[in-house]
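Here the structure comes first, spelled out in structure tokens, and everything after it is commentary.
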Amino acid sequence: MSTAMTLDFPAHVPLATDQILQALRRCNEVARQAMAEGHHPFGALLLAPDGVTVLDTQGNVDTVNHAESVLVRRAAAQYDADYLWACTLVSNAEPCAMCAGTQYWGNIGRLIYGISETRLLALTGDHGENPTMALPCRTVFASGQKPVEVIGPVEAIEDEVVAMHRDFWPAR
Ligand SMILES: [Zn+2]
């Protein structure tokens with residue numbers, strides 16, 4: 001008979017508003033860099049448990065390799081699951097079902113995102129490279145077994161994110 005592995009999900013250290021905005025602005029810089037290199041204007045980063053230290057950043061790669069999923073897979077290979085639970089994934093746009101799922105399996109316990117998927121959908125429309133879904137990340141997490149904390153959308157950052165996407169998709 002095997003002993004069942006039990007999962008433990010301690011609460012996170014609360015983040016101040018300026019920490020949240022600072023992390024999202026850094027995501028926008030990563031997204032801008034990705035866009036300058038010919039990718040989609042999405043950026044993600046991994047915040048350490050202190051809520052300040054940026055452990056890693058990742059811009060969009062392509063239609064299948066989204067910033068968040070690529071980042072989470074690399075983090076899962078590098079850090080242990082208990083440590084990652086105390087970390088925060090930050091993205092300038094709400095993660096899609098794939099990325100929320102990857103975060104869930106990667107055991108990253110908190111998420112901050114800038115604009116909602118609904119807002120993004122209005123910007124990308126049915127663009128072939130980014131036919132945005134309409135499946136909120138909270139719905140994905142609520143279907144799982146872990147109390148992933150979600151902060152977003154963050155109104156104070158919305159204009160800065162939208163500005164990047166507004167011109168990008170019609171011209172793409
Ligand atoms: Zn995604």
Side-chain angles (χ1 to χ4, degrees), residues 20 23-47 54-79 81 84-85 87-155 157-172:
I20 292 170
L24 284 167
R25 294 213 164 95
R26 181 77 191 278
C27 280
N28 271 345
E29 287 171 25
V30 174
R32 231 171 258 122
Q33 182 64 34
M35 185 166 61
E37 292 168 1
H39 309 285
H40 305 160
F42 297 107
L45 62 81
L46 185 65
L47 272 187
V54 176
L55 296 172
D56 201 0
T57 66
Q58 178 67 51
N60 169 265
V61 179
D62 58 30
T63 298
V64 177
N65 297 285
H66 297 179
E68 307 97 310
S69 285
V70 172
L71 180 65
V72 170
R73 291 194 178 105
R74 191 164 60 232
Q78 192 172 352
Y79 302 104
L84 285 177
W85 181 259
C87 291
T88 304
L89 178 68
V90 188
S91 178
N92 65 339
E94 182 174 1
C96 73
M98 170 178 73
C99 292
T102 309
Q103 175 176 357
Y104 175 83
W105 293 112
N107 209 52
I108 297 174
R110 181 161 56 189
L111 170 70
I112 299 170
Y113 68 85
I115 65 167
S116 71
E117 191 178 52
T118 307
R119 191 85 190 266
L120 180 66
L121 176 58
L123 294 161
T124 66
D126 62 354
H127 196 290
E129 288 185 21
N130 206 95
T132 305
M133 300 173 80
L135 179 53
C137 67
R138 285 180 173 84
T139 304
V140 175
F141 294 133
S143 306
Q145 302 181 42
K146 307 176 183 184
V148 177
E149 182 186 342
V150 180
I151 299 167
V154 176
E155 200 178 334
I157 202 78
E158 283 190 24
D159 288 348
E160 293 169 48
V161 179
V162 168
M164 247 187 299
H165 285 267
R166 190 189 289 125
D167 297 331
F168 181 82
W169 295 106
R172 185 76 171 175

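In this chain, numbering begins with 1 at the start of the sequence shown. Numbering of ligands and ligand atoms starts at 1, following listing order. The analysis underlying the following values was restricted to heavy atoms, covering all of them including side chains, and did not include hydrogens, waters or symmetry mates.
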*Could you please tell me which protein N, O or S atoms lie under 2.8 Å from the Zn ion (ligand 1)?*
His66 ND1, Cys96 SG, Cys99 SG
*Do Val90 and Val54 pass the side-chain contact (heavy atoms from CB on, under 4.5 Å) test, and can you show the C-alpha distance, the side-chain angles, and the key distance before you say yes or no?*
CA-CA 10 Å; Val90 188; Val54 176; over 6 Å; no
_Can you tell me which residue among Asp126, Leu123, Leu121, Thr118 is in a side chain to side chain contact (heavy atoms under 4.5 Å, CB included) with Thr132?_
Leu121
*Contact check, side chains of Asn60 and Met35, non-hydrogen atoms, under 4.5 Å*: no
*Report the C-alpha distance between Glu29 and Gln33 in whole Å, list the side-chain angles of each, state the deciding distance to 0.1 Å, and finish with yes or no for side-chain hydrogen bond (donor to acceptor under 3.5 Å, both in side chains).*
CA-CA 6 Å; Glu29 287 171 25; Gln33 182 64 34; over 6 Å; no
*Heavy atoms only: give me the nearest Glu160-Asn28 pair and the separation to one decimal.*
CB-ND2, 3.7 Å
*Only pairs at least two apart or in different chains count here, so list each ring-ring contact (aromatic ring centres under 6.0 Å, His included) that has a residue in residues 93-151.*
His127-Trp169
